[in-house]
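Accompanying notes for the structure given below.
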Amino acid sequence: MADSGFTALRQFSFTTRPYLAVDDATGEPIGLDDVDVRVGWMLGLISGAEAHLLSGLWQPATFDVLATGRDSHGRKLPRHGHVAAARLGWTPHYPDGVYVPSRVTRVVTAQAVGTLRALSYRDTAITALSARFDPATGRLAAPTTAAEYVPPGFARGVVRQLKAHSARTAGAAEERLRITDVQAPPRTSAMARLSAADRQLAHLTVTDAVMTLTVKLPTTPAPEGRAQWRRVRMTTAIPPHLHRRPITEWHLPTLVLDHRGLLLRCAATDAVPAVDVTSGTTAVGVDWSPSTLGAVAVATQTPGGVVSDYRGFTYDDRGLGIKLARLQAEGQLLHRKAARLTQLAATAPPEVRAQLDAKIAVLDGHRTAVGVKRGKINRELAFHFGRQVTDYAAVAGATVIAVEDLTTLETRGHGRVNNNRAAQSARRKAVDALTHTAAGVGVTVVSVPARGSSALCPGCDEPLARPGGYHRAWCPRCRVGGNRDHVAGVNLAKRALLGKNNVTRRRGQMPAIRVAEHAPVRQCRDKKSPTPSRPRHRRVRRSAPAATPPVGVNQIKIVPAPQASVWDTVEPATPHGVTGSREVHTSPTPATSVVGRMRSM
């Protein structure tokens, strides 16, 4: 149960843009376009030095050091990346004659060490999988120990890399392959994580609803001395939904450049109600469905056992799933066309190759735009789903929301197109949004095993029958059933209630229940699950009287369309756009009445 008062801390992220910039020393205003140029110069120096450092460290000895976590003297490596790089002697290289502050070097080494530490797990997995890989058949042998197990999706990606390496080396057998043998150094996006530096490079102040960031930026593309790095004070607006949050700490942002200019990816720490998972008696299970984003059901633990009404709630994405599928197909088509033109350009004459390269650049730009649009819709979909499920759990009185373990969840058996569509759904983003939203009301999200949740009966743990097709489930022994996803939600909620005393918590991961215990779930007549609200779509009516046109004048007017939103419901949704942008969003112009366009007879 949630304790009275705010006792637990959590971190969350948000984005914003500066709307004002001044020189910190003189107070003179600086144009936002000039700020974008100067930030681009700094990001160019950081990304160039980071790429050079990664290429120099791309060798097996680097991953051996990171795997052991010890330096040459046997001391444990520090947690901070720039401190570990300084101890190991990893220093970036800059062009000759260019002066870069030491705090910027901290940012470079922290980002490079973070990337290498993230890839150390892949290096270990490639080494283990290459020992079981047969170049002749292109298959992996079965694992002999539990330590050799990796998720199937991850293993398939590694197998593709091993096949490509075998084709390049003409099938030459090697006893031990490393990540440096099968892939090139990673390419990272241009960014500056200011959290790795201190006040000498950047510092942050927050007053009321305004956040002020002071950061050193170069005044030339190739600064030659300390005088060519000057402090710029940028003022940004805090998003309205954070104004009344009990925020305890604001963290330095990450600077990136997109098509609209400078973007600040910020982080903050706020206080939320503390939750005791072991004391909860009601849980909500969330089942990921191939037909929709998710379906939920409720189970309650009583002195007589676990009960449920087997009634669930299926999330309605308002048709955005179909739009995402269309954008996915469009992106795949653009990718195939670009790949085909790349093959043709490899053997084409120089003048034809230039034309094909121009077409490839256009296709890549379109594909990037499609990906950006899909990302925005996925974010809207994830947070809307998180809010719907959180409200459902709050009304039901649940303190735990159980979701399927995504590392063991793999969609198969529905055809290549549907499997790919389900694999690319925003489930991970939906889990993050649900975890963030539920923590604000004192509800904990835990992951439970996914195997058998849709195939086994919650009452007797026997395989379910499908009398009405794929989406229906029925147990002739317990005489319970209903929607397949709702029955799976009951199974997941039951596993959360039975395993609440064996929750595993790891740093940086959500709480998890590793073992699926069974107890019969009895169907009760009492209504346990709340009735979700079904907001109707808004009906726009234009009943304003039309102005009488002058006699003899033919009125031809262009009627502007009303501004549309992603969620056109009775209650207008708060936009999740970026706050503090330099674009001015004006109120939509009301549409002219249809009567005003009709000619007088």
Side-chain angles (χ1 to χ4, degrees), residues 31-56 58 92-98 108 111-112 115 119 157 160-170 179-192 218 220-223 255-263 323-377 416-417 420 424 582-583:
L32 295 180
D33 294 335
D34 296 337
V35 172
D36 295 343
V37 172
R38 295 174 63 176
V39 170
W41 292 339
M42 184 176 71
L43 296 184
L45 294 173
I46 291 176
S47 60
E50 183 181 358
H52 185 271
L53 182 60
L54 288 175
S55 62
W58 196 248
H93 174 74
Y94 301 100
D96 296 336
V98 175
V108 175
Q111 295 179 176
T115 302
L119 292 175
R160 285 194 292 266
Q161 290 182 325
L162 296 178
K163 288 181 179 179
H165 178 267
S166 178
R168 290 193 303 267
T169 58
I179 189 175
T180 55
D181 300 325
V182 298
Q183 71 182 56
R187 293 181 298 176
T188 58
S189 57
M191 66 176 65
T220 61
L255 305 183
V256 295
L257 286 175
D258 59 3
H259 65 285
R260 293 173 55 187
L262 177 59
L263 178 67
K323 186 173 183 179
L324 286 173
R326 178 183 62 80
L327 292 174
Q328 178 184 344
E330 183 179 352
Q332 292 173 350
L333 176 61
L334 294 172
H335 177 74
R336 290 195 298 267
K337 293 174 68 175
R340 177 57 179 165
L341 293 180
T342 302
Q343 293 178 353
L344 296 176
T347 58
E351 60 275 4
V352 179
R353 184 181 305 174
Q355 297 177 2
L356 293 178
D357 290 341
K359 292 182 179 180
I360 293 172
V362 173
L363 292 176
D364 290 341
H366 290 336
R367 185 176 58 178
T368 302
V370 170
V372 171
K373 187 180 295 185
R374 287 180 61 188
K376 291 181 179 179
I377 296 177
R416 182 177 61 86
V417 176
N420 187 23
Q424 296 193 32
R582 58 193 81 183
E583 294 183 5

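Given the structure is predicted, the values throughout are model-derived calculations rather than measurements.
- For the pair S166 (side chain) and L162 (backbone), a donor-acceptor distance under 3.5 Å is absent.
- Across A192 and I46, no two heavy atoms sit closer than the pair CB-CD1, 3.7 Å.
- Looking at residues two or more places apart in sequence or on another chain, you find a side chain to side chain contact (heavy atoms under 4.5 Å, CB included) between D34 and I30.
- Between the side chain of W58 and the backbone N or O of Q183, at least one donor-acceptor pair lies under 3.5 Å.
- You'll find the side chain of T188 reaches within 4.5 Å of the side chain of L54, heavy atoms only.
- The line from CD1 of I360 to OG1 of T342 is 3.5 Å long, rounded to the nearest 0.5 Å.
- Listed here is the closest heavy atom pair of A222 and V98: CB-CG2, 3.9 Å.
- Applying the salt bridge (Lys or Arg N to Asp or Glu O under 4.0 Å) rule to pairs touching residues 336-363 yields nothing, sequence neighbours excluded.
- Taking 4.5 Å as the limit, some side-chain heavy atom of L119 sits within range of a side-chain heavy atom of P186.
- Between P223 and L45, the closest heavy-atom pair is CD-CD1, 4.2 Å.
- Of all heavy-atom pairs spanning D36 and G261, the tightest one is OD2-CA, 3.6 Å.
- Between atom CG of residue L363 and atom CG of residue L356 there is a gap of 10.5 Å, rounded to the nearest 0.5 Å.
- Here the shortest heavy-atom pairing between L262 and V35 reads CD2-CG1, 4.1 Å.
- Considering only residues two or more places apart in sequence or on other chains, H335 meets the ring-ring contact (aromatic ring centres under 6.0 Å, His included) condition with none of them.
- Atom CG of D181 and atom CD of Q161 lie 11.0 Å apart (nearest 0.5 Å).
- Of all the heavy atoms in L327 and R374, the pair that sits closest is CB-CG, 3.6 Å.
- Of the inter-residue distances, the one linking E50 atom CD with Q111 atom CD reads 5.0 Å to the nearest 0.5 angstrom.
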